[in-house]
Enquirer: 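First, the structure itself, so that you have it in front of you.
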Amino acid sequence: LRSCGIQAVCWLKRRGSCMALQKQNQGTTLVGRIRAFQRSSQENKRCADCTELGPTYICTDYKTFVCQICSGIHREFGHKIKGISLSDWTEKEVEGIEWGGNQRSNEIWLATFARSQNLQPDRAEPDKIRDFIRQKYVEKKWWQAANANKENNDKELVVNGDITSNGVSHHNGIVLA
(Lines give C-alpha, C1' and ligand atoms only; values in the text may rest on other atoms or scores of the structure.)
Protein backbone atom coordinates (compact mmCIF):
# COMPACT_ATOMS: atom_id res chain seq x y z
CA LEU A 1 0.00 0.00 0.00
CA ARG A 2 2.81 2.39 0.89
CA SER A 3 4.60 1.57 -2.33
CA CYS A 4 1.39 2.33 -4.22
CA GLY A 5 1.22 5.75 -2.57
CA ILE A 6 4.80 6.53 -3.52
CA GLN A 7 4.15 5.48 -7.12
CA ALA A 8 1.08 7.73 -7.22
CA VAL A 9 3.10 10.66 -5.85
CA CYS A 10 5.88 9.98 -8.37
CA TRP A 11 3.32 9.78 -11.17
CA LEU A 12 1.77 13.09 -10.08
CA LYS A 13 5.19 14.70 -9.83
CA ARG A 14 6.09 13.48 -13.31
CA ARG A 15 2.74 14.66 -14.63
CA GLY A 16 3.21 18.04 -12.91
CA SER A 17 6.70 18.32 -14.37
CA CYS A 18 5.30 17.50 -17.78
CA MET A 19 2.63 20.18 -17.41
CA ALA A 20 5.22 22.66 -16.16
CA LEU A 21 7.44 21.75 -19.13
CA GLN A 22 4.53 22.32 -21.53
CA LYS A 23 3.89 25.74 -19.98
CA GLN A 24 7.61 26.55 -20.14
CA ASN A 25 7.74 25.52 -23.82
CA GLN A 26 4.70 27.70 -24.59
CA GLY A 27 6.34 30.60 -22.76
CA THR A 28 9.57 30.03 -24.66
CA THR A 29 7.63 30.07 -27.92
CA LEU A 30 5.96 33.37 -27.01
CA VAL A 31 9.28 34.92 -25.98
CA GLY A 32 10.74 33.58 -29.24
CA ARG A 33 8.01 35.37 -31.19
CA ILE A 34 8.77 38.61 -29.32
CA ARG A 35 12.49 38.24 -30.00
CA ALA A 36 11.84 37.47 -33.69
CA PHE A 37 9.65 40.56 -33.97
CA GLN A 38 12.32 42.63 -32.24
CA ARG A 39 14.95 41.42 -34.73
CA SER A 40 12.65 42.04 -37.71
CA SER A 41 12.85 45.83 -37.46
CA GLN A 42 15.77 48.22 -36.98
CA GLU A 43 13.54 50.44 -34.81
CA ASN A 44 12.84 47.58 -32.39
CA LYS A 45 16.56 46.92 -31.95
CA ARG A 46 16.92 50.28 -30.16
CA CYS A 47 15.05 51.69 -27.20
CA ALA A 48 11.94 53.61 -28.26
CA ASP A 49 12.83 56.53 -25.99
CA CYS A 50 16.63 56.88 -26.01
CA THR A 51 19.60 55.80 -28.06
CA GLU A 52 20.33 52.52 -26.21
CA LEU A 53 20.89 49.43 -28.38
CA GLY A 54 19.30 46.07 -27.47
CA PRO A 55 16.32 46.88 -25.24
CA THR A 56 15.28 44.06 -22.91
CA TYR A 57 11.93 45.39 -21.69
CA ILE A 58 8.56 46.15 -23.25
CA CYS A 59 6.24 48.96 -22.27
CA THR A 60 2.98 47.09 -22.73
CA ASP A 61 0.94 50.31 -22.63
CA TYR A 62 2.55 51.49 -25.88
CA LYS A 63 3.80 48.14 -27.28
CA THR A 64 7.38 49.46 -27.44
CA PHE A 65 10.81 47.99 -26.75
CA VAL A 66 12.65 49.98 -24.07
CA CYS A 67 15.95 49.77 -22.19
CA GLN A 68 16.38 49.28 -18.45
CA ILE A 69 16.73 52.99 -17.67
CA CYS A 70 13.68 53.99 -19.71
CA SER A 71 11.67 51.10 -18.24
CA GLY A 72 12.24 52.56 -14.77
CA ILE A 73 11.18 56.01 -15.91
CA HIS A 74 8.06 54.59 -17.57
CA ARG A 75 7.21 52.91 -14.25
CA GLU A 76 7.47 56.32 -12.55
CA PHE A 77 4.64 57.47 -14.86
CA GLY A 78 2.59 54.36 -14.06
CA HIS A 79 3.17 52.65 -17.40
CA LYS A 80 3.21 48.86 -17.34
CA ILE A 81 6.61 47.29 -18.07
CA LYS A 82 7.55 43.64 -18.58
CA GLY A 83 10.95 42.06 -19.08
CA ILE A 84 11.10 40.18 -22.37
CA SER A 85 12.76 37.04 -20.98
CA LEU A 86 11.76 37.35 -17.33
CA SER A 87 7.99 37.69 -17.70
CA ASP A 88 5.12 35.38 -18.46
CA TRP A 89 3.37 36.38 -21.66
CA THR A 90 -0.10 35.64 -22.97
CA GLU A 91 -0.94 35.04 -26.60
CA LYS A 92 -2.98 38.28 -26.63
CA GLU A 93 -0.05 40.33 -25.28
CA VAL A 94 2.33 38.92 -27.88
CA GLU A 95 -0.17 39.60 -30.68
CA GLY A 96 -0.44 43.21 -29.43
CA ILE A 97 3.34 43.58 -29.45
CA GLU A 98 3.56 42.09 -32.95
CA TRP A 99 0.91 44.58 -34.07
CA GLY A 100 2.75 47.47 -32.39
CA GLY A 101 6.47 48.00 -32.07
CA ASN A 102 8.61 51.10 -31.96
CA GLN A 103 7.97 52.25 -35.52
CA ARG A 104 4.19 52.09 -35.27
CA SER A 105 4.26 53.76 -31.87
CA ASN A 106 6.50 56.55 -33.14
CA GLU A 107 4.16 57.15 -36.09
CA ILE A 108 1.59 58.15 -33.48
CA TRP A 109 3.53 59.56 -30.53
CA LEU A 110 6.29 61.31 -32.55
CA ALA A 111 4.20 62.20 -35.60
CA THR A 112 5.12 65.90 -35.50
CA PHE A 113 8.53 65.51 -33.84
CA ALA A 114 11.32 67.29 -35.72
CA ARG A 115 14.23 64.90 -35.26
CA SER A 116 16.67 67.44 -36.74
CA GLN A 117 15.87 69.99 -34.01
CA ASN A 118 15.48 67.76 -30.96
CA LEU A 119 17.58 64.62 -30.81
CA GLN A 120 16.35 61.77 -28.64
CA PRO A 121 18.17 61.84 -25.30
CA ASP A 122 21.20 59.70 -24.56
CA ARG A 123 20.87 57.05 -21.83
CA ALA A 124 23.57 58.88 -19.84
CA GLU A 125 21.11 61.73 -19.22
CA PRO A 126 18.17 60.27 -17.23
CA ASP A 127 16.67 63.70 -16.49
CA LYS A 128 16.49 64.47 -20.21
CA ILE A 129 15.00 61.03 -20.85
CA ARG A 130 12.36 61.65 -18.15
CA ASP A 131 11.45 64.99 -19.75
CA PHE A 132 11.31 63.40 -23.20
CA ILE A 133 9.05 60.55 -22.02
CA ARG A 134 6.81 63.05 -20.19
CA GLN A 135 6.50 65.20 -23.32
CA LYS A 136 6.02 62.20 -25.61
CA TYR A 137 3.42 60.18 -23.69
CA VAL A 138 1.97 62.31 -20.89
CA GLU A 139 1.79 65.75 -22.52
CA LYS A 140 1.40 64.25 -26.04
CA LYS A 141 3.50 67.06 -27.43
CA TRP A 142 4.10 65.36 -30.80
CA TRP A 143 1.05 63.05 -30.85
CA GLN A 144 -1.15 62.68 -33.90
CA ALA A 145 -3.58 59.91 -34.71
CA ALA A 146 -2.07 57.45 -37.18
CA ASN A 147 -4.87 58.07 -39.68
CA ALA A 148 -5.36 61.81 -39.11
CA ASN A 149 -4.33 62.67 -42.66
CA LYS A 150 -5.90 59.65 -44.33
CA GLU A 151 -9.39 59.31 -45.71
CA ASN A 152 -9.58 55.62 -44.75
CA ASN A 153 -10.67 55.49 -41.11
CA ASP A 154 -10.96 51.69 -41.02
CA LYS A 155 -7.41 51.21 -39.69
CA GLU A 156 -6.78 50.43 -36.07
CA LEU A 157 -4.48 52.55 -33.97
CA VAL A 158 -3.06 52.56 -30.49
CA VAL A 159 -4.02 55.39 -28.18
CA ASN A 160 -2.50 55.23 -24.73
CA GLY A 161 -2.19 51.48 -25.04
CA ASP A 162 -5.79 50.91 -26.13
CA ILE A 163 -6.40 49.50 -29.58
CA THR A 164 -9.29 51.26 -31.20
CA SER A 165 -10.98 50.82 -34.53
CA ASN A 166 -12.40 53.25 -37.02
CA GLY A 167 -10.16 55.93 -35.57
CA VAL A 168 -12.34 56.47 -32.49
CA SER A 169 -10.98 56.13 -29.00
CA HIS A 170 -12.05 57.24 -25.56
CA HIS A 171 -9.16 58.71 -23.62
CA ASN A 172 -9.69 60.42 -20.28
CA GLY A 173 -13.35 60.90 -21.18
CA ILE A 174 -12.50 62.54 -24.51
CA VAL A 175 -13.42 60.95 -27.81
CA LEU A 176 -10.45 61.06 -30.15
CA ALA A 177 -11.21 60.73 -33.84
Enquirer: What are the two closest non-hydrogen atoms of R39 and K45, and how far apart are they?
Expert: O-CE, 3.2 Å

Enquirer: Nearest heavy-atom pair of K80 and D61: which atoms, and what distance?
Expert: N-OD2, 3.0 Å

Enquirer: For T51 and Q120, work out which heavy atoms get closest and say how close.
Expert: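 The answer is CG2-O, 4.1 Å.
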
Enquirer: Quick check: are there more than 12 heavy atoms from other residues, nucleotides or ligands sitting under 6.0 Å from NZ of K82?
Expert: yes

Enquirer: Inspect the surroundings of CD in E98 and state if more than 12 heavy atoms from other residues, nucleotides or ligands are less than 6.0 Å away.
Expert: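 Yes - once you tally the heavy atoms of other residues, nucleotides and ligands closer than 6.0 Å, there are more than 12.
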
Enquirer: Just by distance, do the side chain of Q103 and the backbone of Q42 share a donor-acceptor pair under 3.5 Å?
Expert: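 Between the backbone of Q42 and the side chain of Q103 there is no qualifying donor-acceptor contact (under 3.5 Å).
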
Enquirer: Are I133 and E76 side-chain neighbours, meaning at least one heavy-atom pair lies under 4.5 Å?
Expert: no

Enquirer: Answer yes when R134 and D131 have at least one side-chain N-carboxylate O distance shorter than 4.0 Å, and no when they do not.
Expert: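 A salt bridge is present here (some side-chain N lies under 4.0 Å from a carboxylate O).
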
Enquirer: Counting N and O atoms only, with roles assigned by atom type, does the side chain of R104 sit under 3.5 Å from a partner on the main chain of W99, one being a donor and the other an acceptor?
Expert: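 Looks like yes, one N/O pair under 3.5 Å.
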
Enquirer: Hey, what do you get for CG (N106) to OH (Y62), rounding to the nearest 0.5 Å?
Expert: 12.5 Å

Enquirer: Taking the six-membered ring for Trp and the full ring for Phe, Tyr or His, determine whether the centres of W142 and F132 are under 6.0 Å apart.
Expert: yes

Enquirer: Can any side-chain N or O of N102 pair as donor or acceptor with the backbone N or O of E43 at less than 3.5 Å?
Expert: yes

Enquirer: Looking at Q38 and N44, what are the two nearest heavy atoms and their distance?
Expert: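 Closest heavy-atom pair between Q38 and N44: CG-O, 3.2 Å.
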
Enquirer: Check the side chains of Y137 and D49 for a donor-acceptor pair under 3.5 angstrom, ignoring hydrogens and angles.
Expert: yes

Enquirer: Which residue, V31, I34, T29, forms the side-chain contact (heavy atoms from CB on, under 4.5 Å) with V94?
Expert: I34

